[in-house]
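Since the model is a prediction, treat every value here as computed from it, not as a measurement. No hydrogens, no waters, no symmetry mates; every other heavy atom, side chains included, goes into these values. Throughout, residue positions are numbered sequentially from 1 according to the sequence presented.
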Amino acid sequence: MKGILFNLVEQIVTEDHGADMWDDLLDDAGLFGAYTSIGSYDDAEMMAILDAASQRLDVPVPEVERHIGRRALPLFLERYPELRGDHTTSRGLIMTLNSFIHPQVRILHPGADVPDFDVAEIESDSIEMTYRSGRRLCFFAEGLLLGAGDEYGENIAVSQSTCMHDGADHCVLQVMWESP
């Protein structure tokens, strides 16, 4: 996993709970050292940090992932404004995950292993996304989608009808834009 994700998680934890909490999570996870944005780290380290946060905050890991994803999307776009493209809506941004955003991420962070999304438009106010990734961070993906809505001032609801955590080989996320 690329270090930029660790950096974003550290920033979110520090902003939400203070620098001591980040140090506590690293201690609880049995991890040492710092993460550089261009470095690559074992996925198990991120999972250990998420598990430690779940234990410390007494909330399930999926809620931790969702929160971090939601907060991470605006921070990621702040660091890499070129990923926003010329999109003026969250839908426009989301529809370019595979065709624009992930290729750009691979340029910015060579070796990045990004998830694969198959996106299908269902209706004018909804899409369905099939998520595939060995990391099984579908709840983080949910948070990123919610964060896209926040970034553009739109109300988005995300649900899953199929999930790898229930034994499936992929997840299916329904994204619906709600009227204000």
Side-chain angles (χ1 to χ4, degrees), residues 1-26 29 31 33-43 45-54 56-57 59-115 117 119 129 131 133 135-158 173 175 177:
M1 185 173 295
K2 293 312 244 180
I4 183 66
L5 293 175
F6 288 86
N7 296 156
L8 291 171
V9 172
E10 179 181 5
Q11 181 178 348
I12 293 162
V13 167
T14 301
E15 287 176 2
D16 290 357
H17 303 284
D20 288 343
M21 174 65 98
W22 177 250
D23 291 337
D24 290 343
L25 294 180
L26 292 178
L31 301 172
Y35 297 97
T36 65
S37 65
I38 59 171
S40 294
Y41 304 93
D42 192 306
D43 294 353
E45 292 184 36
M46 179 62 75
M47 300 309 143
I49 291 168
L50 296 173
D51 286 339
S54 171
R56 280 214 174 244
L57 299 172
V59 297
V61 171
E63 286 184 38
V64 172
E65 284 184 30
R66 235 180 253 110
H67 174 76
I68 289 173
R70 189 171 199 159
R71 294 264 285 111
L73 189 276
L75 296 173
F76 199 71
L77 291 177
E78 184 179 298
R79 290 182 187 202
Y80 303 104
E82 64 273 22
L83 296 179
R84 182 185 304 276
D86 59 359
H87 302 293
T88 58
T89 66
S90 60
R91 184 185 189 101
L93 182 75
I94 291 166
M95 295 300 287
T96 65
L97 277 171
N98 285 336
S99 63
F100 179 72
I101 295 174
H102 285 165
Q104 290 298 311
V105 168
R106 287 185 184 106
I107 291 168
L108 293 166
H109 297 280
D113 180 19
V114 297
F117 289 96
V119 183
M129 304 177 75
Y131 165 90
S133 173
R135 292 190 175 112
R136 298 171 25 131
L137 290 171
C138 53
F139 302 110
F140 179 77
E142 283 185 21
L144 290 171
L145 294 166
L146 294 168
D150 295 344
E151 182 69 10
Y152 289 93
E154 301 167 352
N155 295 319
I156 294 178
V158 180
L173 294 87
V175 183
W177 281 263

Taking side-chain contact (heavy atoms from CB on, under 4.5 Å) as the definition, give me every residue that meets it alongside [X], ordered by chain and number, with sequence neighbours left out.
| X | result |
| --- | --- |
| V59 | L57, E63, V64 |
| D51 | V61 |
| R70 | L146, D150 |
| A148 | L73, S90, L93, I94 |

What distance separates [X] [atom1] from [Y] [atom2], expressed to the nearest 0.5 Å?
| X | Y | atom1 | atom2 | value |
| --- | --- | --- | --- | --- |
| D23 | E10 | CG | CD | 8.0 Å |
| E45 | L5 | CD | CG | 13.0 Å |
| F140 | L145 | CZ | CG | 10.5 Å |
| M1 | R135 | CE | CZ | 4.5 Å |
| L173 | M129 | CG | CE | 7.0 Å |

Across all chains, not counting sequence neighbours, the side-chain hydrogen bond (donor to acceptor under 3.5 Å, both in side chains) partners of E142 are R66, Q160

Give the minimum heavy-atom separation between [X] and [Y], together with the two atoms involved.
| X | Y | value |
| --- | --- | --- |
| A29 | A52 | N-CB, 4.3 Å |
| P115 | Y131 | CB-CE1, 3.5 Å |
| R136 | E65 | O-OE1, 4.5 Å |

I'd like to check [X] versus [Y] (side-chain heavy atoms, cut-off strictly below 4.5 Å). Are they in contact?
| X | Y | value |
| --- | --- | --- |
| E151 | H87 | no |
| R84 | Y152 | yes |
| F76 | I4 | yes |
| L50 | I68 | yes |
| D42 | M47 | no |
| M46 | Y41 | no |

How far apart are the C-alpha atoms of D24 and H17, what are their side-chain angles, what is the distance that settles it, and do they pass the side-chain contact (heavy atoms from CB on, under 4.5 Å) test? CA-CA 11 Å; D24 290 343; H17 303 284; over 6 Å; no

Quiz prompt | Donor-acceptor contact below 3.5 Å, side chain Y35 vs main chain K2 | solution = no

Check whether the side chains of H67 and D16 place a donor and an acceptor atom closer than 3.5 Å, and report yes or no. yes

Residue set satisfying salt bridge (Lys or Arg N to Asp or Glu O under 4.0 Å) with E15, at least two apart, ordered chain then number -> R71

